[in-house]
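Just so we're on the same page: letters track the sequence lines, and every chain starts at 1. Any value given below was found using the heavy atoms of this structure, including those in side chains, with hydrogens, waters and symmetry copies removed.
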2 protein chains.
Amino acid sequence: MKNKKIKASNSQNEAKKTTKEKIFDASVDLFSKKGFSDVSVREIAKEAGIREGSIYNHYKNKEAILDAIINYFKSEFNKSSLPEEEGANLMDQGPEVFFVGGAKMFMDRINIPQMEKIWRLVCIETYRNEKIREFFNKEILEEPIAGLENIFKIMIEKKMIKPVDPRTLAYEYWSFAIFLFFEYFILKYHEDFDSYMNQGLEKMIEHTRFMLDAVKI
Amino acid sequence: MKNKKIKASNSQNEAKKTTKEKIFDASVDLFSKKGFSDVSVREIAKEAGIREGSIYNHYKNKEAILDAIINYFKSEFNKSSLPEEEGANLMDQGPEVFFVGGAKMFMDRINIPQMEKIWRLVCIETYRNEKIREFFNKEILEEPIAGLENIFKIMIEKKMIKPVDPRTLAYEYWSFAIFLFFEYFILKYHEDFDSYMNQGLEKMIEHTRFMLDAVKI
DNA sequence: GTCTATACTTCGATAGAC
DNA sequence: GTCTATCGAAGTATAGAC
């Protein structure tokens, strides 16, 4: 579970990259730093080490590069979503193990270098890009909350926690995670990356403790 | 306390506006919709009903307009911060009255038409603009949390709530408010404004109830 | 202080030689 | 598929008449 992070610096070696990959990676880098609108095709070409015109042999236009990044993000995001049975197993070990374990797994997903940049990109472009916004609302806001609501419902049925409204609990739990996204990727993005990511996990665990304390039987 | 909102549609009547105000208001409008980088000086001039060149008689450049908006926002934000004694009075009526009353007052501050647009602008430009980011971190994140920490400390001393770590409580309470900012101004901004603002207040009140339930004696 | 006109720059995208 | 060269559009900003 730990060596998932190594995998030869995320994708291919720098040397083996195709031109299309170079354009893709350069765009991820620049878009995540400055935002889509403040990056020019010239910059992307320079960063990728090719001429401007060559970009259009691989992508129809600038927008198409962003689309490709979004699609990559979506597929990676869905690829690594928590399998149903694994969750059920964790839950039997008690609520704390379930949530702390879940938070760690989730952080591991974000912590892949290339994906971390795209997470930042997603956060800063959500206001402007409708595709990203729809994805965010559906897959990062509504679906997790619906899933959590279900989990809390089960926990209540199993008398693992107090019978508080499961929807409220889900919202209380997950809104904190969204807050951490924005705190990390927007408010604190430039302040020493590594330590901040670890702080995020600790904060999420502390939040989990507070919530479970509030509803424990 | 309620008629603060009327005040002749926020600022001057449309007819009486100076050119500088027209430029300012047009910029607020456009920046809050599309973001600073995606708005041109030409657009601002058109929206303000003047010629492009005339803008430079009032502002040094495009960036200076944004600076003026930020400064206006800061001064309005500080102008309306909660007076110390009023808070103490509210607190004596119990935690629920204090927080529900506080949430309402806070929402009233945002709900002024011109300020609502600037709040949106602040939320979407935070990642890009260092002045906004510093302001957000200091005045919307750290200071409120420090203030809340103090309030929870007093409540614990007065034995109004359980002796949970006040810093944790402050973070638990305020992170939800920040989440609501982002949910409202980024994720749901175009989905029927008025009802969403009201929902926000209800959500904040529900959150307050959950938290107070968790720490009540 | 506003207008017309325009300078100057940068941008996204394309054409055509290799 | 990459390069050179360049186009047309759009951007910021300035000059000068009124």
query = Does the gap between the ring centers of A:F152 and A:W174 come in under 6.0 Å?
reply = no
note = In whole angstroms, the gap separating P of D:dC3 from NZ of A:K46 amounts to 15 Å
remark   = Here the distance between atom P of D:dA13 and atom NE2 of B:H58, to the nearest Å, is 16 Å
query = Across the strands shown, which category fits B:I50 at heavy-atom distances under 4.0 angstrom: base, sugar-phosphate, nothing?
reply = sugar-phosphate
request  = Go through B:Y173 and B:F99 one step at a time and tell me if the ring pair (Phe, Tyr, Trp, His ring centres under 6.0 Å) criterion holds.
outcome  = CA-CA 10 Å; B:Y173 182 77; B:F99 281 109; 4.6 Å; yes
message = Rounded to whole Å, how long is the line connecting atom CD of A:E43 with atom P of C:dT9?
response = 18 Å
ask   = How long is the line joining NZ of A:K22 and C1' of D:dG1, in whole Å?
value = 12 Å
task = Please name all residues satisfying side-chain contact (heavy atoms from CB on, under 4.5 Å) with A:M197, sequence neighbours left out, ordered by chain then number.
result = A:M107, A:I110, A:N111, A:E116, A:Y184
query = So, for B:F210 and A:Y171, is the gap between ring centers shorter than 6.0 Å?
reply = no
Mutual orientation of the aromatic rings belonging to B:F185 and B:F181 [parallel < 30°, tilted 30-60°, perpendicular > 60°] = perpendicular
inquiry  = Tell me the closest heavy-atom pair linking B:I140 and B:F77, and the distance in Å.
reply    = CG1-CZ, 4.3 Å
inquiry  = Under the criterion side-chain contact (heavy atoms from CB on, under 4.5 Å), I'd like the reasoning laid out for B:R109 against B:W119: C-alpha separation, chi angles, the key distance, then a yes or no.
reply    = CA-CA 10 Å; B:R109 281 208 250 165; B:W119 270 102; 5.9 Å; no
Under 4.0 Å protein heavy-atom contact, by nucleotide of nucleotides 12-18 of chain C - B base, S sugar-phosphate only = BBB----
note = Rounded to whole Å, the CG-C1' distance (B:D38 to D:dA10) equals 13 Å
request  = List the steps and the verdict of side-chain contact (heavy atoms from CB on, under 4.5 Å) for A:T208 and A:E96.
outcome  = CA-CA 8 Å; A:T208 300; A:E96 174 141 353; 5.8 Å; no
message = Can you measure A:L30 atom CG to C:dC11 atom P for me and round it to whole angstrom units?
response = 12 Å
task = Dot-bracket notation for DNA chain D is requested: 5' to 3', Watson-Crick or G-U wobble pairs only, both distances under 3.5 Å, with ( ), [ ], | and . as defined.
result = ||||||||||||||||||
